[in-house]
There are 2 protein chains.
Amino acid sequence: MINNYELYKVFYWAAKTGSLTQAAKALYITQPSVSHAIKQLEDSFGLALFYRNSKGVALTQEGAILYSYIEQSQNFISRAEEKMAALKNLDSGELRIGGSDSLFKHYLLPYLEEFHQNHPGIKLHLNHGTTPEIISFLKEGRIDLGVVRMPIVDAQLEVRESIQLKDCFVAGPRYEQLKGETLSLEMLLQYPVILFSRNSRARMAITELFQSYGYKLKPEIEVGSVELLIEFARKGLGISYVTKEFISKELEEGSLFEIQLDVKLPPTHVGIMTMRNMPLSISARRFIELVQ
Amino acid sequence: MINNYELYKVFYWAAKTGSLTQAAKALYITQPSVSHAIKQLEDSFGLALFYRNSKGVALTQEGAILYSYIEQSQNFISRAEEKMAALKNLDSGELRIGGSDSLFKHYLLPYLEEFHQNHPGIKLHLNHGTTPEIISFLKEGRIDLGVVRMPIVDAQLEVRESIQLKDCFVAGPRYEQLKGETLSLEMLLQYPVILFSRNSRARMAITELFQSYGYKLKPEIEVGSVELLIEFARKGLGISYVTKEFISKELEEGSLFEIQLDVKLPPTHVGIMTMRNMPLSISARRFIELVQ
DNA sequence: ATTTATCATAGATGAGGTCTATATCTCCTC
DNA sequence: GAGGAGATATAGACCTCATCTATGATAAAT
């Protein structure tokens, strides 16, 4: 019907101010333009919308009916624009992150805190899962970004390399005698080893390393969280294979110590994954900047 | 913020159809135009609104939020346009008429019936009052048109002359002896006269007529409705001064007869008044056409 | 490998929105 | 009443910018 919604904006202001001149001022256009716009509306409806008089304009019956609809419409547009501005300013919105359990707690936590302080209006959604799950979440659009251990090879994903993590074997006071010693892999295997559960990336990596030297790494105990790896090692139940950066507190206070090996354990990196060729939300972009 | 609401219409269709190409078809424009419009919105918000892929487009988080507002906005506009079309077609709307009591019943009734049958969606509001009251209603915008007796002299009003009404004196069987006689004004004054209440136009007119001949018309009885004028005359309480067109039934059945006078009583016209220089509502225009 | 979708980009064009200038009308004031 | 102030309407010129055509790029389907 009307093929130019711009006219409704003009109508709205003319009705609201009761004056074509005032409407023109509000819209930063001239009065004849407003006059022309209203005329177009009236012509296309075949209805008079305003009574004109020397003091301004007043809505006709039909104009008042139109206004009751257009007013609502304009209100929604105003609210939309405010909302968009808020989203742009990060005063509003949400950020959905997927990650491995341990990375949330030991790596992301301080960033999440800072981000939340800077942008309290942004709702944070944290989804934990295994690396393949996180990748699925990303592809399904359920999260904005995923934080997992590298390497990730997937053409659909864009991966940003973040900090380096070094895994290592640690023990508690029970194995005090090993402090300062440098063990070979073979020697290490004589002690009870505590590993993270089978499907973890770190577990696979260390198993492969032993295999490449011709040994088979067989854990005495398997646990499902980094906390338990730490706890069991402290209690002397065995030697845990953990991420060094996650136990800095225990190393410092001396409740755990690192066991030196005669082979170098390859470091891994944390990767921040996003969908390639998909625009990042402002909040996701901002969070990644913060982390990197 | 956005200075072209037209863009929202394009956005709405793009989001709704999930395809810029489809949106273009719906809007009867080309796909590059849609592409350009969406880009403008995204640029001005500084936010991505759609994910593009080879099957079409999908809303981003921010886009979905925008859509939730814009959808409402567009719905109101659609409903507004439907409503305007209905008003134009007289499928909806209202018609407010002001008039003297007797004119409603004896003159307008058949037109009102016909109008209502033709346009059952139009609500009819009837406001009765004296001529000055009707004029005030018109000037206050409380009615669309007024139906009263001429003459009306008011520069702000536009008056259309409608049917002619002839007033006359009538009596019932009690005065049978006057049937066929031609009375002078003086002779008439010897009978009890029944007139409409003081502030009516017809009363003033007839009083002036007598005065111009040097007589003073003093009613025996004053009543407030045409029905009572008729009823009192039938019962033989006197000679009523009524509008001939309103008593055609009684004249036909013989319960009243007209008293011939040797002076001619000036006819009056019904006038249909509207505000000059104010656009008439479609319904008012249509009703006036019907009546004339 | 080819076809057929999709959206993006570039450049040309012309419709039409906006402007200036002026007319017209009404109300208010002196 | 004459004149001024303020409102909207009208006319015509101008120039922006929405839209077009043509083409490119990419992905999916055949």
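Here is how names work: the chains are called A, B, and so on, in the same order as the sequence lines, proteins then strands, and each is numbered from 1.
The distance from atom CG of A:L20 to atom P of C:dT26 is 16 Å, rounded to the nearest whole Å. Distance A:I38 CD1 to D:dT10 P: 14 Å, rounded to the nearest Å. Rounded to an integer number of Å, the gap from OH of A:Y51 to C1' of D:dA7 is 18 Å. Whole-Å rounding puts the A:F50 CZ to D:dA7 P distance at 15 Å. The separation between B:Q22 atom CD and C:dC7 atom C1' is 13 Å, rounded to whole Å. As rounded to whole Å, 14 Å separates atom P of C:dG17 from atom OH of A:Y8. Per the geometry, CG belonging to A:L49 stands 15 Å off P belonging to D:dT8, to the nearest Å.
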Letter by letter from the 5' end, nucleotides 18-30 of chain D scores (B base, S sugar-phosphate only, - none; protein heavy atoms under 4.0 Å) SBBBB----SSS-
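Within the cation-pi definition used here (under 6.0 Å to the ring centroid, within 45° of the axis), B:R79 does not qualify as a partner of A:Y69.
Atom CZ of B:R160 has more than 12 neighbouring heavy atoms from other residues, nucleotides or ligands inside a 6.0 Å radius. In B:H269, the NE2 atom is crowded: over 12 heavy atoms of neighbouring residues, nucleotides or ligands sit closer than 6.0 Å.
In this model, no donor atom of one side chain and acceptor atom of the other lie less than 3.5 Å apart for B:E133 and B:N127. Side-chain atoms of A:S102 and A:S100 include no donor-acceptor pair closer than 3.5 Å.
Using a 4.0 Å cut-off between charged nitrogen and carboxylate oxygen, B:R149 and B:E161 do not count as a salt-bridge pair. Taking 4.0 Å as the cut-off between side-chain N and carboxylate O, A:R276 and A:D154 do not count as a salt-bridged pair. Note on B:E6 versus B:K9: salt bridge recorded, some NZ/NE/NH1/NH2 to OD/OE distance being below 4.0 Å.
Comparing the end axes of the helix from C:dA1-D:dT30 to C:dC30-D:dG1, each fitted to five base pairs by superposing C1' atoms of four pairs onto the next four, gives an inter-axis angle of 30° (nearest 10 degrees).
A sub-4.0 Å separation between OP1 or OP2 of C:dA5 and a side-chain N or O of B:T21 is absent. The shortest distance between the side-chain N/O atoms of B:R52 and the OP1/OP2 oxygens of C:dA8 is below 4.0 Å.
Not less than 6.0 angstrom separates the ring centroid of B:Y8 from the ring centroid of B:F11.
Nearer to the 5' terminus of DNA chain D, by closest-nucleotide assignment, is the contact made by A:G56 (compared with the other of A:G56 and A:K39).
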